[in-house]
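In what follows, every heavy atom counts, from backbone to side chain, and hydrogens, waters and symmetry copies are set aside. As the structure lists them, so they are numbered: ligands from 1, and atoms in each ligand from 1.
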Amino acid sequence: MQTQLFISGTWRDGADGATIAVIDPATGDRIAGVASATPADATAACQAAHEAQVEWAKTAPRERAEVLRRVFELMMEHQDELASLIVREQGKPMSDATGEVAYAAEFFRWNSEEAARIRGTLATAPSGNNRIIVRHPPVGVVVIITPWNFPAAMITRKLAPALAAGNGAVIKPPSETPLTALRIAELLTEAGVPGGLVNVTPTDEAQAWFDAAVEHPATRMLSFTGSTPVGQALLKRSADRVLKTVMELGGNAPFIVFGDAVIDAAVEGAMTAKMRHSAETCTAANRFFVHANVAEEFTTKLAEAMAAVKVGSGFDDDVECGPLIHGKQLDKVAALVDDAVAAGAEIVTGGERLDRPGSFYAPTVLRNVAPDSPITREEIFGPVAPVITFTDTDEMIGHANDTEMGLIGYVFTSDLARGLAVSERIQAGMIGLNKGSVSDPAAPFGGMKQSGLGREGSTDGIYEFCETQYIAADW
Ligand code: SIN
């Protein structure tokens with residue numbers, strides 16, 4: 001498969017010939033060397049995207065829709081192959097990888113449908129002196145920077161609406177997982193995406209690459225998914241050129257279980273919210289607030305379910321949790337658990353690294369966790385569930401909201417009125433009410449507070465990739 005940069009519809013080495021080593025997190029082995037883009041390559045990619053975008057923006061929405069639909073079909077035809085690539089470079093279990101490809105492809109199907117439905121408005125001004133015409137042209141060139149936890153879906157969630165709206169794109173996939181992105185570039189070409197419209201430039205020089213991309217005069221937008229600290233730095237740099245931004249940043253999700261919840265359903269939801277994609281999602285439940293009346297039953301059942309999780313290579317049968325992405329992440333997760341235990345938390349199950357090659361951590365449940373301990377403040381990004389017991393709802397909601405993050409929260413209760421009332425009080429852009437997963441291309445994904453700006457997916461998502469132009473008219 002291709003391991004070079006994809007710029008202007010052609011495959012080429014980086015300007016200085018440097019490469020990035022791609023590592024299999026299940027073994028620590030090097031699996032590929034991928035070309036690393038220089039700042040000059042970033043500039044060339046932005047220029048190519050600009051030239052192709054001018055023509056793409058003139059195409060009929062239906063024409064764009066049909067190309068996007070073809071990408072969806074090709075991704076599904078290549079579902080197993082793409083999933084294998086994801087497992088190889090990211091480590092997640094094959095079932096999660098297969099699901100990710102379907103999720104990723106769906107952004108193309110959804111946005112192929114949305115491409116033909118970008119609406120403007122026409123109104124008469126209250127004074128009667130003016131007609132107000134509002135239209136939504138594309139922004140131009142969009143810089144897309146994505147994380148390693150979803151090597152396919154975090155690209156397509158941005159790229160599909162960007163293309164549907166008539167934009168060009170320059171993508172920087174993560175240096176940990178560039179192979180899936182490069183394979184998607186090949187499928188885009190096969191589907192009929194014009195050369196130069198989408199450019200894929202992995203790089204080991206992220207900051208210099210970004211400086212060059214931001215400075216290109218055609219760059220008008222940044223769409224980023226990643227950590228809040230990196231997002232803050234990118235926002236500051238984007239301010240120099242007043243770029244439009246959509247930012248999907250970190251999470252610190254509360255998972256709330258009331259005394260009247262159906263405990264087996266809550267445990268099932270908890271396993272999904274915590275463990276999907278090897279617990280490396282920004283939507284992962286990070287803090288479990290469980291009512292004292294059911295804390296023993298919930299914690300025992302959760303610990304049983306966590307202890308039963310088969311951990312191993314994503315290629316092995318029945319594996320439900322793969323390795324963490326690299327040793328640095330493993331060290332971070334281990335340190336958070338060790339600190340929590342030193343501060344009085346009790347390990348119910350797990351609590352240790354696995355003695356095997358690769359970066360594996362045992363699925364872990366902690367109880368007696370203090371609501372303000374470090375493990376409740378940091379995004380864990382690993383298979384660890386800290387349980388905090390509560391009796392007072394107001395106090396618990398105070399703790400749940402006592403974070404700068406506001407991506408998602410989960411609420412489990414049999415009382416729908418209570419569930420909705422508590423959902424409204426949780427400061428988060430998304431709520432799973434008796435649901436352990438909310439992700440859906442047809443729904444608005446995004447956070448409040450420092451978890452982000454803007455929304456991806458749904459009927460609104462495509463407008464993030466559009467300008468708003470008002471024409472005052474008279475006739
Ligand atoms: C993420 O972890 O960044 C995205 C999770 C999702 O789309 O479900």
Given that the side chain starts at C-beta and the backbone is N, CA, C, O, which of these parts of [X] lies under 4.0 Å from ligand 1, counting heavy atoms, or is it both or neither?
X: Met154; result: side chain
X: Met430; result: neither
X: Glu280; result: neither

Taking 4.0 angstrom as the limit and counting only heavy atoms of [X], give me the atoms of ligand 1 inside it, by number and element.
X: Phe150; result: 1 (C), 2 (O), 4 (C), 5 (C)
X: Asn149; result: 1 (C), 2 (O), 3 (O)
X: Thr281; result: 2 (O)
X: Tyr103; result: 6 (C), 7 (O), 8 (O)
X: Ser439; result: 6 (C), 7 (O), 8 (O)

Closest heavy-atom contact between [X] and [Y]?
X: Gly447; Y: Arg455; value: O-NH1, 3.1 Å
X: Asp204; Y: Ser175; value: OD1-CB, 3.9 Å
X: Val139; Y: Asn167; value: N-OD1, 2.8 Å

Using a 6.0 Å distance limit plus a 45 degree cone around the ring axis, check whether Arg157 lies over the aromatic ring of Phe445. yes

Within a radius of less than 6.0 Å around NZ of Lys310, do more than 12 heavy atoms belonging to other residues, nucleotides or ligands occur? yes

Taking the non-hydrogen atoms of Arg276, is any one of them nearer than 4.0 angstrom to ligand 1? yes

Could you tell me whether ligand 1 has any atom less than 4.0 Å away from a heavy atom of Glu248? no

Give a yes-or-no answer on whether the side chains of Arg287 and Asn252 include a donor-acceptor pair shorter than 3.5 Å. yes

Could you tell me if Ser437 and Ser439 have a donor-acceptor pair between their side chains, going purely by distance under 3.5 Å? no

Going by distance only, is there an N or O of Thr225 that falls short of 3.5 Å from an N or O of ligand 1? no

Atom 2 (O) of ligand 1: nearest protein contact (heavy atom, Å): Cys282 N, 2.7 Å

Walk me through whether Phe255 and Tyr410 qualify under ring pair (Phe, Tyr, Trp, His ring centres under 6.0 Å). CA-CA 5 Å; Phe255 187 103; Tyr410 301 88; 5.6 Å; yes

